[in-house]
K.L.:
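My structure is below; once you've seen it, I'll send some questions.
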Amino acid sequence: MNIILLGPPGAGKGTQSARLVEQYGMRQLSTGDMLRAAVKAQTPVGIKAKAVMDAGELVSDEIVSDLIDVELATMEADTGAIFDGYPRTAAQAQILDGLLEKHGRSLDYVIELEVDEDALVERITGRFSCANCGTLYHDTANPPAKPGVCDVCGSTEFKRRPDDNEETVRTRMQEYRAKTAPILPGYEARGIVRRVDGMASIGEVAAAIDAILK
Ligand code: AP5
Ligand code: MG
């Protein structure tokens, strides 16, 4: 099974991907996570991408598509892929078709997380993650069971993303509306788009996604 999780910043793509990885052994291909790792490691790609990401704008189609190509090449044929935050432009959608063919895969579903943009700013500014294992949390919607301690690995170190401030979030949303949302009709024409209410609780969104994948 190969799926795209589509939705604006804060829609819950990363949260739902993590759950699908755990439950079904799929692989999450998050270009955002890959880019943040490159920034941290100060690779040439990371150095180039940092300012663009901090501004909430999109990194070049070539850079992100190369990252996906490299990841797909390392995957076992029977491991499903969850594309999280990719493709994000019409050009990337086209490149992805070629990459899937190259790696002997096909797309099963494009799952759109439908959300109310006004609520997203609150979601994003409340987001933090474990500095050790990356588990995602939210100040009010999804805090660790024991305050200050990661549920998964027990670490007490947490971090917030530099692009998770209100101004940058607004730019990220504009980028989504202008460049990413327009790729949906192409997938719709293929009959593979499924919509999920992303404003429901994390558990309810997970159940709705499960019902699609069954
Ligand atoms: P990326 O990392 O992909 O960020 P994004 O698309 O802006 O999405 P987010 O990660 O912010 O949100 P999410 O949908 O994963 O939500 P999450 O599950 O964390 O991209 C970052 C940057 O990298 C881009 O701006 C761009 O510069 C660059 N980039 C990346 N990919 C690119 C590409 N393909 N092309 C070009 N540039 C690219 O949830 C958010 C919060 O809400 C969490 O705290 C969570 O706990 C909480 N939450 C989740 N679900 C729920 C729920 N149902 N109810 C209540 N709270 C919830
Ligand atoms: Mg994410």
Side-chain angles (χ1 to χ4, degrees), residues 4-21 28-39 45-46 48-69 71 82-93 95-96 99 111-117 119-130 134-144 151 158-181 183 196-209:
I4 294 174
L5 286 186
L6 201 71
K13 304 181 294 292
T15 301
Q16 296 301 329
S17 295
R19 215 253 329 162
L20 291 168
V21 167
Q28 176 188 13
L29 301 174
S30 161
T31 40
D33 287 350
M34 294 173 205
L35 289 167
R36 279 184 288 279
V39 169
V45 162
K48 213 167 167 184
K50 186 177 186 329
V52 180
M53 293 173 77
D54 285 349
E57 289 161 10
L58 294 185
V59 173
S60 82
D61 295 329
E62 291 71 26
I63 285 180
V64 293
S65 301
D66 284 350
L67 292 170
I68 291 286
D69 190 13
E71 283 292 312
I82 309 158
F83 297 97
D84 162 3
Y86 181 93
R88 247 174 159 101
T89 63
Q92 289 177 29
I95 296 169
L96 178 61
L99 289 178
I111 300 178
E112 184 193 5
L113 299 170
E114 289 188 298
V115 282
D116 162 13
E117 275 197 17
L120 296 183
V121 174
E122 203 279 316
R123 269 200 197 174
I124 287 183
T125 51
R127 169 169 55 191
F128 61 99
S129 64
C130 173
T135 298
L136 281 174
Y137 296 100
H138 187 275
D139 290 326
T140 53
N142 182 30
D151 294 345
F158 296 89
K159 61 181 183 188
R160 289 180 193 259
R161 277 168 45 178
D163 60 342
D164 278 354
N165 58 77
E166 183 160 353
E167 196 193 333
T168 308
V169 170
R170 299 275 178 209
T171 307
R172 285 158 59 195
M173 283 175 183
Q174 278 164 19
E175 291 281 78
Y176 180 83
R177 274 195 302 265
K179 296 172 187 165
T180 309
I183 69 177
V196 166
D197 174 13
M199 296 313 295
S201 71
I202 292 173
E204 285 165 333
V205 176
I209 293 175

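In listed order, ligands and their atoms are each counted from 1. Computed from a predicted model, the values in this text were never measured in an experiment.
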K.L.:
Once you restrict to heavy atoms under 4.0 Å, what part of A200 touches ligand 1? Side chain, backbone, both or neither.
P.N.:
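The answer is the backbone.
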K.L.:
Which ligand 1 atoms, with their elements, are less than 4.0 angstrom from a heavy-atom of G198?
P.N.:
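Going through ligand 1 atom by atom, the ones under 4.0 Å from G198 are 53 (N).
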K.L.:
By number and element, which atoms of ligand 1 are closer than 4.0 Å to a non-hydrogen atom of L136?
P.N.:
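Checking each atom against L136, I get 18 (O), 19 (O).
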K.L.:
Could you tell me whether G10 and ligand 1 have an N or O pair separated by under 3.5 Å?
P.N.:
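Checking ligand 1 against G10, an N or O pair does fall under 3.5 Å apart.
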K.L.:
Where is the nearest protein heavy atom to atom 49 (C) of ligand 1: which residue, which atom, and how far?
P.N.:
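Looking only at protein heavy atoms, the one closest to atom 49 (C) of ligand 1 is T15 OG1, 3.4 Å.
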K.L.:
Please write down residue, atom name and distance for the protein heavy atom closest to atom 19 (O) of ligand 1.
P.N.:
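Checked against all protein heavy atoms, atom 19 (O) of ligand 1 sits closest to R127 NH1, 2.6 Å.
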K.L.:
Tell me, please: is S201 in heavy-atom contact with ligand 1, that is, under 4.0 Å?
P.N.:
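It does, in that a heavy atom of S201 comes within the 4.0 Å cut-off of ligand 1.
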K.L.:
Just to confirm my output: which protein heavy-atom neighbour is closest to atom 51 (C) of ligand 1, and how far is it?
P.N.:
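Here the closest protein heavy atom is I202 CG1, 3.4 Å.
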K.L.:
Does R36 reach ligand 1, in the sense of a heavy atom lying below 4.0 Å from it?
P.N.:
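The answer is yes: ligand 1 sits under 4.0 Å from a heavy atom of R36.
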K.L.:
What's the shortest heavy-atom distance between F158 and C130, and which atoms?
P.N.:
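That would be CD2-CA, 3.8 Å.
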K.L.:
Of the choices R161, M173, K13, which has the non-hydrogen atom that lies closest to atom 4 (O) of ligand 1?
P.N.:
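Ranked by closest heavy atom to atom 4 (O) of ligand 1, first place is R161.
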K.L.:
Rounded to the nearest 0.5 Å, what's the gap from CD1 on I111 to NZ on K13? Could you check?
P.N.:
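With rounding to 0.5 Å, CD1 (I111) is 13.5 Å from NZ (K13).
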K.L.:
Any Lys/Arg nitrogen of K179 or D61 sitting under 4.0 Å from an Asp/Glu carboxylate oxygen of the other?
P.N.:
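No, K179 and D61 are not salt-bridged.
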K.L.:
Do you know the tightest heavy-atom contact between N165 and P162?
P.N.:
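In terms of heavy atoms, the two residues are closest at ND2-O, 3.1 Å.
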K.L.:
To the nearest 0.5 Å, tell me how far T168 OG1 sits from E57 CD.
P.N.:
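Result: 9.5 Å between the selected atoms.
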K.L.:
Just going by heavy-atom distances, which of E122, Q16, M53, R19 is nearest to atom 22 (C) of ligand 1?
P.N.:
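Answer by nearest heavy atom: M53.
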K.L.:
Would you mind finding which of R172, R88, R123 brings a heavy atom closest to atom 6 (O) of ligand 1?
P.N.:
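Selected option, by shortest heavy-atom distance: R88.
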K.L.:
Return the closest protein heavy atom for atom 31 (N) of ligand 1 as residue, atom name and distance.
P.N.:
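I find the closest protein heavy atom is T31 OG1, 2.8 Å.
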K.L.:
Do G85 and ligand 1 have an N or O pair less than 3.5 Å apart?
P.N.:
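There is such a contact, yes.
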K.L.:
Can you tell me which residue and heavy atom of the protein come closest to atom 26 (C) of ligand 1, and the distance to 0.1 Å?
P.N.:
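Heavy-atom neighbour on the protein nearest atom 26 (C) of ligand 1: E57 O, 3.3 Å.
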K.L.:
Which is closest to atom 43 (C) of ligand 1 in terms of heavy atoms, F128, F83, Y137?
P.N.:
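When every heavy atom of F128, F83, Y137 is considered, Y137 comes closest to atom 43 (C) of ligand 1.
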K.L.:
Check this for me - ligand 1, V59, N or O atoms closer than 3.5 angstrom, yes or no?
P.N.:
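N/O-N/O distance under 3.5 Å: yes.
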K.L.:
Please say whether Q92 places an N or O atom under 3.5 Å from an N or O atom belonging to ligand 1.
P.N.:
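Looking only at distances, the answer is yes, because the N/O contact criterion of under 3.5 Å is met.
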K.L.:
Would you compute the distance between atom CD of E175 and atom CZ of R177 and round it to the nearest 0.5 angstrom?
P.N.:
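Output value for this atom pair is 10.5 Å.
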K.L.:
I'd like to check which ligand 1 atoms, numbered from 1 as shown, lie under 4.0 Å from a non-hydrogen atom of G14.
P.N.:
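Close to G14: 13 (P), 15 (O), 18 (O).
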K.L.:
For ligand 1, is any non-hydrogen atom under 4.0 Å from D164's backbone (N, CA, C, O), its side chain (CB onward), both, or neither?
P.N.:
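Within the 4.0 Å criterion, D164 makes no contact with ligand 1.
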K.L.:
Check ligand 1 against N142 and write out every atom of the ligand that is under 4.0 Å from a heavy-atom position of the residue.
P.N.:
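In order of numbering, the contacting atoms are 46 (O).
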K.L.:
Looking only at distance, does A11 have an N or O less than 3.5 Å from an N or O of ligand 1?
P.N.:
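Yes - when backbone and side-chain N and O of A11 are compared with those of ligand 1, one distance drops under 3.5 Å.
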K.L.:
Looking only at heavy atoms, is any part of A141 under 4.0 Å from ligand 1, and if so is it the side chain, the backbone, or both, or is it neither?
P.N.:
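Within the 4.0 Å criterion, A141 contacts ligand 1 through side-chain atoms alone.
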K.L.:
For K159, is there an ion pair with D164 - N to carboxylate O distance below 4.0 angstrom?
P.N.:
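No, this pair does not count.
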K.L.:
Which distance, rounded to the nearest 0.5 Å, do you find between the CD1 of I183 and the CG of L96?
P.N.:
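Rounded to the nearest 0.5 Å, the CD1-CG separation comes to 9.0 Å.
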K.L.:
Distance check, rounded to the nearest 0.5 Å: Q92 atom CD versus I68 atom CD1?
P.N.:
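Those atoms lie 8.5 Å apart.
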